[in-house]
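These notes concern the structure reproduced below.
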Amino acid sequence: MKLIVGCGYLGSRVARLWQARGVTVAVVTRSADRARQFQQAGYLPVVADVTDAASLDRVRRLSDVDTVLYAVGYDRAAGKARREVYVEGLGRVLDALPSSVQRFIYISTTGVYGQTDGSWIDEESSCDPASEVGRMFLEAESVLRGHSIAARAIILRMAGLYGPGRIPRREELIAGKPLAADPDAYLNLIYVDDAARVVLAVENQVEPPRMYLVSDGHPVVRREYYAEAARLLGAPSPVFAHKQDRGPSDARGNTDKRVNNARLINEIGYQLQYSTYKQGLAASTGSS
């Protein structure tokens, strides 16, 4: 049995891939309505909340889980602090895992790097997150490494996920709003379907513990990316806010780094379906 904690944009695709291979997929959700939807889709729903330790007893009772995908996002509407979800929530789930788990795949972010000089980064580069989210994920990684499951863990630091239904800054582009980002800094991306296939590849081919940067390996300056996105969306040419108007909340948009995916590609040999942003954007907008 496979278990997904955080069955959203990425997790739902991994669920379908696992299901297509004929395995049972259990899915943790806070919502009874979502649980019914998951059940109708052929999954085993587990109603539990990463911020509620008692509810996670339902996870503990899943005695035959061999692989866990942890891809929990932040829901502002839930009224919880980021740390309670990202850091403390992970710790609660780790403590609730059944002893049968042999692989724990944790979805982190390249936001743990805060470089601003356009340099290439890899798994050995120093981490100095520029955003609160990056700091939370780095702290969560530390929690994972300090847990007994660490020897069975694989950390995937994802570049920006995009694909159908998720084009970065889509609404701002359509509305012609100034983008709070450095137009000449690099953007690092991974198409969501490629990211999902990477999850299955590392599950089957990688001996933990291991950590990978997951990107398409072709960084693009934001000016070029958003110009192409605007063209495909039929939106106005993008405009960018002046540096002094971006504000601290847009710290991630002010980083400038290039993600090297060589370890991932060399060790698992995965051939990306969408290796450039132009391919991915065309597929995302139905223009391919």
Side-chain angles (χ1 to χ4, degrees), residues 1-50 58-59 62 64-75 93 97-98 100-109 153-168 170 189-206 208 212 214-216 261 264-265 268-275 277 279-288:
M1 182 189 294
K2 314 299 181 183
L3 173 65
I4 299 178
V5 186
C7 193
Y9 192 62
L10 173 62
S12 62
R13 286 166 170 79
V14 175
R16 290 196 290 269
L17 291 174
W18 271 333
Q19 187 182 59
R21 296 188 177 193
V23 300
T24 300
V25 181
V27 177
V28 171
T29 177
R30 293 182 290 117
S31 165
D33 288 340
R34 287 283 285 161
R36 285 189 288 271
Q37 293 171 13
F38 285 135
Q39 188 169 37
Q40 291 170 359
Y43 307 135
L44 175 64
V46 180
V47 179
D49 187 337
V50 302
R58 300 184 185 104
V59 171
L62 299 172
D64 55 349
V65 174
D66 59 4
T67 300
V68 177
L69 171 66
Y70 192 93
V72 172
Y74 182 67
D75 180 6
V93 170
L97 292 178
S100 58
V101 174
Q102 297 302 308
R103 292 285 189 281
F104 186 88
I105 302 173
Y106 177 69
I107 303 302
S108 184
T109 172
I154 299 169
I155 296 173
L156 300 179
R157 289 176 173 169
M158 292 279 176
L161 285 170
Y162 76 112
R166 184 184 287 188
I167 296 176
R170 179 180 184 276
L189 300 162
I190 182 69
Y191 194 84
V192 65
D193 290 340
D194 278 325
R197 294 187 185 97
V198 164
V199 170
L200 268 68
V202 299
E203 177 200 15
N204 295 316
Q205 297 175 230
V206 173
Y212 295 97
V214 182
S215 79
D216 62 20
N261 68 356
L264 176 75
I265 300 303
I268 72 170
Y270 178 68
Q271 298 296 313
L272 297 173
Q273 185 176 359
Y274 301 96
S275 59
Y277 78 97
Q279 292 173 315
L281 278 176
S284 303
T285 58
S287 302
S288 56

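Nearest heavy atoms, Y191 versus A283: OH-CB, 3.7 Å. When all heavy atoms of Y162 and S284 are compared, the pair lying nearest together is CD1-OG, 4.1 Å. Here the closest non-hydrogen pair linking R13 and A196 is CB-CB, 3.9 Å. A pairwise comparison of heavy atoms in C7 and R34 identifies O-NH2, 3.4 Å as the closest pair. The minimum heavy-atom distance linking I105 with E203 is given by the pair CD1-CB, 3.9 Å.
In this structure, R157 CZ and L264 CG are separated by 14.0 Å, a value rounded to the nearest 0.5 Å. Once rounded to the nearest 0.5 Å, the distance linking CG of L17 with CG of D193 reads 8.0 Å. Atom CG in L62 sits 11.0 Å away from atom OG1 in T24 (nearest 0.5 Å).
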Q | Verdict with supporting geometry, K2 and V14, side chain to side chain contact (heavy atoms under 4.5 Å, CB included) | A | CA-CA 10 Å; K2 314 299 181 183; V14 175; over 6 Å; no
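In this structure, R197 is not positioned above the aromatic face of Y270 in the sense of NZ or CZ being under 6.0 Å from the six-membered ring centre and within 45° of the axis.
Residues P208 and F104 form no side-chain contact, since every pair of their non-hydrogen atoms from C-beta on lies 4.5 Å or further apart. Residues S108 and Y212 fail the side-chain proximity criterion, which asks for heavy atoms closer than 4.5 Å. Looking at heavy atoms from C-beta onward, R30 lies in side-chain contact with D75 at the 4.5 angstrom threshold.
Considering D216, L272, V214, I190 as possible partners of N261, the one that fulfils the side chain to side chain contact (heavy atoms under 4.5 Å, CB included) test is L272. Applying the side chain to side chain contact (heavy atoms under 4.5 Å, CB included) test between V72 and each of I107, V93, V5 identifies V5 as the sole match. Partner of I4 under the side chain to side chain contact (heavy atoms under 4.5 Å, CB included) criterion, out of W18, F38, Y70: W18 alone.
Shown here is Q39, whose CD atom has no more than 12 heavy atoms of other residues, nucleotides or ligands within 6.0 Å.
Listed for the S100 side chain is a donor-acceptor partner under 3.5 Å among the backbone atoms of V65. Using modelled atom types, one side-chain atom of R58 and one backbone atom of V47 make a donor-acceptor pair closer than 3.5 Å. Proximity of a side-chain donor or acceptor of R170 to a complementary backbone N or O of R166 within less than 3.5 Å is not detected. Between the side chain of D194 and the backbone N or O of Q273, at least one donor-acceptor pair lies under 3.5 Å.
For the 3.5 Å distance criterion, the side chains of Q19 and R16 fail to qualify, holding no donor opposite an acceptor.
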